[in-house]
Enquirer: 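Sending over a structure as structure tokens; questions will come in a sec.
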Amino acid sequence: MESTKTTDLSLDHISRAFAALGQSSRLKIVRLLLSANPKGLPAGEIQKELGISASTLSHHLDKLRQVGIVTAEKERQWIWYSVRSQTLKSLIDFLFEECCTRNQVIPLDEMNVAPTRESEDAEV
């Protein structure tokens, strides 16, 4: 059942974004870029730090860019990559938007559980 709360990103887009993050090199790239947030890093620095070939790095960065997790900005002869933190936040929000909605609060006296010391102090 699809939630009506997921308005920023479609369910298909969300699944593609999680799939992109499901590859270990891409996850390393995102974590590295988060450490340099908000400015980001040039491609050469990412390549050097992670030990990824230029063509492989380009492929991974393109996948992350296609799903909106990473942005690229050309500055003179360098391309700087940064994380779109709002996209990552939307992914986390999606996971938690239904959190605990099926749980019902059951009063302690109905559960036949002795009150804790903290709850006794609160009654006084």
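When a residue number appears, it is its place in the shown sequence, counting from 1.
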Enquirer: Going from CD1 on Ile29 to CD on Glu49, what distance comes out if it is rounded to the nearest 0.5 angstrom?
Expert: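 It is 11.5 Å, given to the nearest 0.5 Å.
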Enquirer: Can Ser58 and Ser55 be counted as having a side-chain donor-acceptor contact under 3.5 angstrom?
Expert: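 Ser55 and Ser58 do not have a side-chain donor-acceptor pair below 3.5 Å.
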Enquirer: Could you give the distance from NZ (Lys48) to CG (Leu41), rounded to the nearest 0.5 Å?
Expert: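 CG of Leu41 is found 11.0 Å from NZ of Lys48.
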Enquirer: Would you name the heavy atoms of Ser82 and Gly40 that are closest together and state the gap between them?
Expert: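 Where Ser82 meets Gly40 most closely, the heavy atoms are CB-CA, 3.9 Å.
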Enquirer: If you define the side chain from C-beta out and look only at heavy atoms, does anything of Leu50 sit under 4.5 Å from Leu57?
Expert: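 Heavy-atom side-chain distance check fails, nothing below 4.5 Å.
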Enquirer: Restricting to non-hydrogen atoms, name the atom on Ser53 and the atom on Thr56 that form the minimum distance, rounded to 0.1 Å.
Expert: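 Closest approach of Ser53 to Thr56: OG-OG1, 2.9 Å.
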Enquirer: For atom CZ of Arg84, is the number of surrounding heavy atoms from other residues, nucleotides or ligands below 6.0 Å larger than 12?
Expert: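 Incorrect, the count does not exceed 12.
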Enquirer: Do Gln66 and Asp62 have side chains that get closer than 4.5 Å, going by heavy atoms?
Expert: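 Touching, per the 4.5 Å side-chain cut-off.
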Enquirer: Any non-hydrogen side-chain atom of Phe18 less than 4.5 Å from a side-chain atom of Leu91?
Expert: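 The answer is yes, as the side chains (C-beta and beyond) meet within the 4.5 Å cut-off.
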Enquirer: Could you grab the distance from atom CG of Leu11 to atom CZ of Arg16, nearest 0.5 Å is fine?
Expert: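 It is 11.0 Å, given to the nearest 0.5 Å.
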Enquirer: Do Ser90 and Thr87 pass the side-chain hydrogen bond (donor to acceptor under 3.5 Å, both in side chains) test, and can you show the C-alpha distance, the side-chain angles, and the key distance before you say yes or no?
Expert: CA-CA 5 Å; Ser90 294; Thr87 300; over 6 Å; no
Enquirer: Check for a donor-acceptor pair, side chain of Gln23 on one end and backbone N or O of Arg26 on the other, with a separation under 3.5 Å.
Expert: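 Present.
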Enquirer: Is there a path of hydrophobic side-chain contacts, each under 4.5 Å between heavy atoms, that joins Leu33 and Trp80?
Expert: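 No.
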Enquirer: Does some side-chain heavy atom of Leu21 sit less than 4.5 Å from a side-chain heavy atom of Leu88?
Expert: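 Yes, close enough: below the 4.5 Å cut-off.
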Enquirer: Answer yes or no: is there a side-chain heavy-atom contact under 4.5 Å between Ile46 and Tyr81?
Expert: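 Yes, close enough: below the 4.5 Å cut-off.
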Enquirer: Contact between Glu73 and Ile79 at the side-chain level, heavy atoms closer than 4.5 Å - yes or no?
Expert: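 No - every pair of side-chain heavy atoms lies 4.5 Å or more apart.
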Enquirer: Please tell me if the side chains of Ser85 and Asn37 come closer than 4.5 Å, counting only heavy atoms from C-beta onward.
Expert: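 A side-chain contact under 4.5 Å exists here.
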Enquirer: Over all heavy atoms of both residues, which pair between Ala17 and Ile69 is shortest? Give the atoms and the distance, please.
Expert: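 Heavy atoms of Ala17 and Ile69 come nearest at O-CD1, 3.8 Å.
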Enquirer: Backbone N or O of Val67 within a donor-acceptor pair of the His13 side chain at under 3.5 Å?
Expert: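 Indeed, once roles are kept as given, a pair shorter than 3.5 Å links the two residues.
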Enquirer: Check whether any side-chain heavy atom of Leu27 lies under 4.5 Å from a side-chain heavy atom of Ser24, and answer yes or no.
Expert: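 No - every pair of side-chain heavy atoms lies 4.5 Å or more apart.
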Enquirer: Drop me the distance from Leu61's CG to Gln47's CD, to the nearest 0.5 angstrom.
Expert: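 Spacing of CG (Leu61) from CD (Gln47) equals 10.0 Å.
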Enquirer: Atom CZ of Arg76 and atom NZ of Lys74: how far apart are they, to the nearest 0.5 Å?
Expert: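 Result: 12.0 Å between the selected atoms.
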